[in-house]
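Report on the structure given below.
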Amino acid sequence: MRQPAYDHALARFRTQLALVRPDDKVAECYWGGTAGSSLGAKGVSVPAGHSARALTDPGAGPGASGDADEDEEVALWGLLERDPLFELRLLSPGQGTAEELPPHVVPMGQQLEQAVRRLPLDACVVALAEEAGVGEVLGDAVEAVVSDPSVSAAMRMADGMGGELRGALARAVTAEALRAADEAACGVVALDGVHRDALVDAIAATLGGSDRGLGGMVLRSGLRLALSLGATKPVERRRAAITGMAAPAGGDVLLYLARGQALRDFITESISALDGPVAIVAHSLGGVAALEALAGQQLPAVELLVTVGSQAPLLYELNALPTLPFGATLPSSVPRWVNVYDQRDLLAFVGERIFARRIEDRRIDSKSPFPRSHSAYFANRRFYTLLGEVLP
């Protein structure tokens with residue numbers, strides 16, 4: 001804790017401890033003011049602005065600007081990646097009417113279920129799933145969606161929901177495929193909104209088409225309610241899996257900050273083994289280590305450093321880099337430095353106001369929620385266009 005929260009907590013601690021140990025003394029040990037880290041430049045390494053508007057804002061409803069609609073869609077995907085059937089549960093039951101059919105007529109819901117089960121046989125869907133990195137799990141994703149009781153309930157209302165249901169099914173299959181692919185990869189698969197939406201559109205078209213976008217008022221109202229309540233239950237159910245995937249990354253950061261020379265040496269040795277000019281493209285913690293490796297020695301072969309979703313500007317501002325203290329200027333051994341960030345990536349920071357004239361911040365938008373936005377750079381066409389512009 002930092003001040004003033006520390007003082008409030010200490011006062012409560014003293015009061016409560018006195019009830020059980022009245023003779024004991026409490027000694028203050030507030031180290032945050034002298035030994036703790038601080039934002040030396042008052043937080044200018046944090047990208048300015050907001051990545052999403054509040055969904056309860058008057059301008060964020062149906063008919064609002066394209067930016068608001070886009071933010072709503074990213075927010076929906078943030079929920080779907082936690083619970084792929086979130087949208088379908090909103091639609092079942094009661095959002096349509098099961099129609100009485102003549103004998104021997106196959107109900108619309110049954111036809112739709114059969115169409116969903118045939119998705120792994122559709123060449124276009126399979127090709128886009130492969131491009132998105134979820135081809136191997138598409139069949140399992142389809143089965144997981146259609147076998148869920150809430151989906152079966154929604155299918156019985158297919159006549160009354162039409163395109164809204166087909167769009168929700170397309171998003172559910174895609175979200176479930178992403179979940180399965182993440183699980184198989186023990187991490188977060190690199191996928192941006194362009195490839196994700198292409199797969200959704202192909203699935204929806206195969207199922208008979210749907211209106212592009214978020215659907216009707218039921219979904220929009222449910223989305224706002226879920227977000228306002230925190231939408232945490234699906235995350236809590238997957239807490240062990242999420243923690244298992246996140247812990248190694250956190251451990252890497254802690255290990256690097258404590259004993260990072262081995263990683264910097266590894267980068268240096270890898271560069272030394274290469275012929276000709278070198279451009280380093282380094283993601284996340286790799287960008288931190290690459291920057292420090294270059295700052296600590298002359299590596300004349302390196303002509304460009306590209307950091308992607310990196311925390312280097314923040315760690316420098318916090319005076320937390322092991323070899324580059326805050327206030328020190330970048331040495332001439334650091335070549336041209338391009339820093340790529342996504343406003344939606346909460347682990348990405350900007351540096352133009354920290355390292356004046358020594359870094360170029362370039363923004364891209366994956367249209368993906370965090371944490372996928374932290375890895376989606378490598379599936380984003382704009383990222384590669386940018387690389388083509390800056391590589392020597």
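Everything numeric here is computed off the predicted structure, so don't read it as measured data.
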Review point. Going by atom types only, do E317 and S45 share a side-chain donor-acceptor pair under 3.5 Å?
Key: yes

Exercise for review: Search all heavy atoms of S147 against all heavy atoms of A144 and return the closest pair with its distance.
Suggested key: OG-O, 3.4 Å

Review point. Salt bridge check: are E303 and R336 linked by an N-O gap of less than 4.0 Å?
Key: no

**Study point:** Closest contact, heavy atoms only, A295 versus P331
**Key:** O-CG, 3.3 Å

Practice item. Keeping the roles fixed (side chain from N319, backbone from F326), state whether a donor-acceptor pair exists under 3.5 Å. Key: yes

Practice item. Write down the atom of S366, the atom of A376, and the distance for their closest heavy-atom approach. Key: CB-CB, 3.6 Å

Review point. Would you say the side-chain atoms of D182 pair up with the backbone N or O of V189, donor to acceptor, closer than 3.5 Å?
Key: yes

Exercise for review: Please examine the side chains of L199 and V125, heavy atoms only from C-beta on, and report whether any two atoms are closer than 4.5 Å.
Suggested key: yes

Check your understanding: What's the spacing between L79 CG and L85 CG if we round to 0.5 Å?
Key -> 13.0 Å

Check your understanding: Would you call D365-R382 a salt bridge at under 4.0 Å N-O?
Key -> no

Practice item. Check whether the side chains of W337 and T307 place a donor and an acceptor atom closer than 3.5 Å, and report yes or no. Key: yes

Check your understanding: Can you get from V137 to L119 by hopping between Ile, Leu, Val, Met, Phe, Trp and Tyr side chains that sit under 4.5 Å apart?
Key -> yes

Check your understanding: In terms of heavy-atom contacts, does CD of E136 have more than 12 from other residues, nucleotides or ligands at under 6.0 Å?
Key -> no

Check your understanding: Any side-chain heavy-atom pair from V145 and P84 closer than 4.5 angstrom?
Key -> no

Review point. Heavy atoms, side chains only, cut-off 4.5 Å: are L169 and V151 in contact?
Key: yes

Review point. Is the gap between the ring centers of F378 and F383 under 6.0 Å?
Key: yes

Exercise for review: Could you tell me the separation between the CD1 atom of I267 and the CG atom of L294, rounded to the nearest 0.5 Å?
Suggested key: 8.0 Å

Check your understanding: Are any non-hydrogen side-chain atoms of D83 and R89 less than 4.5 angstrom apart?
Key -> yes

Check your understanding: Got a sec: does the CZ of R353 have more than 12 other heavy atoms crowding it under 6.0 Å?
Key -> no

Review point. Are V281 and L305 linked, directly or through other ILVMFWY residues, by side chains that come within less than 4.5 angstrom of each other?
Key: no

Practice item. Compute whether any side-chain donor of one residue and acceptor of the other, for R264 and Q261, lie under 3.5 angstrom apart. Key: yes

Point to revise | Least distance between heavy atoms, L291 atom then A312 atom | key: CD2-CB, 3.9 Å

Review point. How far does OG of S373 sit from CG of L191, to the nearest 0.5 angstrom?
Key: 12.0 Å

Point to revise | Distance-only polar pair, side chains of Y256 and E292, donor-acceptor under 3.5 Å | key: yes

Point to revise | V288 reachable from L263 in the ILVMFWY side-chain graph, under 4.5 Å edges | key: yes

Point to revise | F266 CZ: over 12 foreign heavy atoms closer than 6.0 Å | key: no

Exercise for review: Report the C-alpha distance between V302 and V334 in whole Å, list the side-chain angles of each, state the deciding distance to 0.1 Å, and finish with yes or no for side-chain contact (heavy atoms from CB on, under 4.5 Å).
Suggested key: CA-CA 9 Å; V302 180; V334 177; over 6 Å; no

Review point. Going by heavy atoms in the side chains, are K367 and V194 under 4.5 Å from each other?
Key: no

Check your understanding: So, are R372 and E81 salt-bridged, with charged N and O less than 4.0 Å apart?
Key -> yes

Check your understanding: Is the closest side-chain donor-acceptor distance between D192 and Y377 under 3.5 Å?
Key -> no

Check your understanding: Does one hydrophobic cluster hold both L386 and L391, with members joined at side-chain heavy-atom distances below 4.5 Å?
Key -> yes

Check your understanding: What distance do R171 atom CZ and D197 atom CG have between them, rounded to the nearest 0.5 Å?
Key -> 9.5 Å

Exercise for review: For residues I203 and V173, report the shortest heavy-atom separation together with the two atoms involved.
Suggested key: CD1-CG1, 4.0 Å

Exercise for review: Any chance you could lay out the side-chain contact (heavy atoms from CB on, under 4.5 Å) test for N339 and E360, step after step, and finish with the verdict?
Suggested key: CA-CA 6 Å; N339 179 58; E360 307 165 40; over 6 Å; no

Check your understanding: So if you build clusters from Ile, Leu, Val, Met, Phe, Trp, Tyr with side-chain heavy-atom gaps below 4.5 Å, do V253 and L324 land together?
Key -> yes

Exercise for review: Output yes when a side-chain donor or acceptor of S284 lies under 3.5 Å from a complementary backbone atom of G286, and no otherwise.
Suggested key: no

Exercise for review: Indicate the ring-plane relationship of F370 and H374, choosing parallel, tilted or perpendicular according to the 30° and 60° boundaries.
Suggested key: tilted

Check your understanding: Is it true that R363 and E352 make a salt bridge, defined as a side-chain N closer than 4.0 Å to a carboxylate O?
Key -> no

Revision key, fill the gap. Shortest non-hydrogen pair, Q298 vs S332, comes out as NE2-OG, 4.0 Å

Practice item. Start with the C-alpha gap between E131 and R381, add the side-chain angles, then the distance that decides, and say whether salt bridge (charged side-chain N to carboxylate O under 4.0 Å, His left out) holds. Key: CA-CA 12 Å; E131 188 174 350; R381 292 188 181 97; 3.6 Å; yes

Study note, to complete from the structure: To the nearest 0.5 Å, atom OH of Y30 lies from atom OH of Y6 at 8.5 Å

Point to revise | Distance-only side-chain donor-acceptor flag, S333 / Q297, under 3.5 Å | key: no

Check your understanding: Looking at side-chain heavy atoms only, is the closest gap between L80 and L76 below 4.5 Å?
Key -> yes

Practice item. Could you please spell out the steps behind the side-chain contact (heavy atoms from CB on, under 4.5 Å) verdict for Y341 and R362? Key: CA-CA 6 Å; Y341 74 100; R362 302 289 188 94; over 6 Å; no

Exercise for review: Take V306 and L304, measure what side-chain contact (heavy atoms from CB on, under 4.5 Å) needs, and give me the verdict at the end.
Suggested key: CA-CA 7 Å; V306 179; L304 175 69; 3.7 Å; yes

Point to revise | CD1-OH distance between I359 and Y316, expressed to the nearest 0.5 angstrom | key: 11.5 Å

Practice item. Decide yes or no for R344 and S368: does some side-chain heavy atom of the first lie under 4.5 Å from some side-chain heavy atom of the second? Key: no

